[in-house]
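Okay, here's the structure, questions in a sec.
Quick caveat: nothing in here was measured; it's all calculated off a predicted structure.
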Amino acid sequence: MDEWSKVIIVEGSSDKKKIQSILNEPVDIICTNGTIGVSKLDELIEDLFYKDVYILVDADDSGEKLRKQFKREFPEASHLYIDKTYREVATAPEKHLATVLLGANIDVHAEFLEKG
């Protein structure tokens, strides 16, 4: 996994599975399982220092809390946002997620962009 230069940080394993199915390039996906401790965050920051890091969390209170923590502790990370109407990454339509990822120059399978 160390050779992959892009990393997406998500909240849960269902988010990870959904994103993995859409990706068309090798990207390391890290789950925080909703929360992340300071020591784990410090470890992550060290491991991710030379990588392109993207934060993709739910559009809810716990997701925003996590996003604020990353903005404070890891300001170099890029933040990707799903539309608030979908609330959760895992339940957002694949086409919407593919569009969000593509907007961050992350390669996705074309069929997800074509779906209605």
Side-chain angles (χ1 to χ4, degrees):
M1 283 190 198
D2 287 341
E3 73 276 6
W4 299 353
S5 65
K6 291 180 182 175
V7 177
I8 300 174
I9 298 175
V10 297
E11 286 181 83
S13 57
S14 54
D15 301 338
K16 180 177 181 173
K17 284 181 193 146
K18 184 113 179 203
I19 299 291
Q20 274 177 327
S21 69
I22 298 169
L23 294 172
N24 194 30
E25 68 174 290
V27 177
D28 191 11
I29 302 174
I30 298 170
C31 293
T32 66
N33 297 314
T35 58
I36 190 160
V38 175
S39 60
K40 178 70 176 161
L41 188 60
D42 287 345
E43 193 181 300
L44 260 183
I45 291 168
E46 208 170 285
D47 291 346
L48 303 176
F49 194 72
Y50 294 105
K51 298 184 179 191
D52 294 329
V53 179
Y54 303 90
I55 312 298
L56 181 58
V57 295
D58 295 345
D60 60 12
D61 290 343
S62 63
E64 285 307 311
K65 188 176 176 186
L66 197 57
R67 191 180 292 284
K68 281 180 185 159
Q69 187 179 7
F70 276 108
K71 282 182 178 176
R72 205 172 38 250
E73 304 290 337
F74 198 39
E76 301 84 10
S78 299
H79 290 263
L80 307 179
Y81 296 86
I82 61 166
D83 190 296
K84 284 188 183 350
T85 57
Y86 303 125
R87 294 191 53 81
E88 297 179 358
V89 172
T91 57
E94 281 125 346
K95 182 177 182 177
H96 178 66
L97 291 172
T99 304
V100 169
L101 293 166
L102 195 63
N105 293 320
I106 297 171
D107 195 22
V108 298
H109 291 290
E111 69 260 22
F112 290 109
L113 297 170
E114 295 159 7
K115 287 183 177 179

Quiz item: If you measure from OG on S13 to CG on N33, what distance do you get to the nearest 0.5 Å?
Solution: 7.0 Å
Quiz item: Can you check whether L56's main-chain N or O pairs, donor with acceptor, with H79's side chain at less than 3.5 Å?
Solution: no
Self-check item: Side-chain touch E43/E46, heavy atoms, less than 4.5 angstrom
Solution: no
Quiz item: How many angstroms lie between atom CG of L66 and atom CD of Q69, to the nearest 0.5 angstrom?
Solution: 6.0 Å
Quiz item: Roughly how far apart are I30 CD1 and I9 CD1, rounded to 0.5 Å?
Solution: 5.0 Å
Practice problem: Tell me whether L113 is reachable from I19 by hopping between hydrophobic residues (I, L, V, M, F, W, Y) whose side-chain heavy atoms are closer than 4.5 Å. | Solution: yes
Quiz item: Which heavy atom of I82 sits nearest a heavy atom of H96, and at what distance?
Solution: CA-NE2, 3.5 Å
Quiz item: Would you find a donor on one side and an acceptor on the other, under 3.5 Å apart, between the side chain of D47 and the backbone of L44?
Solution: no
Self-check item: Heavy-atom closest pair, residues Q20 and I29
Solution: CG-CD1, 3.4 Å
Self-check item: Spacing of SG belonging to C31 relative to CD1 belonging to I36, to within rounding of 0.5 Å
Solution: 10.5 Å
Practice problem: Specify the closest pair of heavy atoms between S14 and A90, including all atoms of both residues, with the distance to one decimal. | Solution: OG-CB, 3.6 Å
Practice problem: Flag yes if more than 12 heavy atoms outside K71 fall under 6.0 Å of its NZ atom; otherwise flag no. | Solution: yes
Quiz item: Can you find a pair of side-chain heavy atoms, one from F112 and one from E94, that are under 4.5 Å apart?
Solution: yes
Exercise. Could you tell me whether the side chain of I106 reaches within less than 4.5 Å of the side chain of Y54, counting heavy atoms only?
Key: yes
Exercise. Calculate, to the nearest 0.5 Å, the distance between atoms CG and CG belonging to L101 and N24 respectively.
Key: 11.5 Å
Quiz item: Looking only at heavy atoms, what is the nearest atom pair of Y86 and T91, with distance?
Solution: O-OG1, 3.4 Å
Quiz item: Hey, does the side chain of E73 reach the backbone of L41 with a donor-acceptor pair shorter than 3.5 angstrom?
Solution: no
Quiz item: Could you give the distance from CG (D58) to NZ (K65), rounded to the nearest 0.5 Å?
Solution: 14.5 Å
Exercise. List the atom of D60, the atom of E11, and the distance in Å for their closest heavy-atom pair.
Key: OD1-OE2, 4.5 Å
Exercise. Considering non-hydrogen atoms only, spot the tightest contact between K6 and V27 and give its length.
Key: O-CG1, 3.5 Å
Quiz prompt | side chain to side chain contact (heavy atoms under 4.5 Å, CB included) between V53 and E76, intermediate numbers included | solution = CA-CA 8 Å; V53 179; E76 301 84 10; over 6 Å; no
Practice problem: Determine the sole option in L97, V57, L80 for which the side chain to side chain contact (heavy atoms under 4.5 Å, CB included) test with V89 is passed. | Solution: L97
Quiz prompt | Check: V7 main-chain N/O paired with K51 side-chain donor or acceptor under 3.5 Å | solution = no
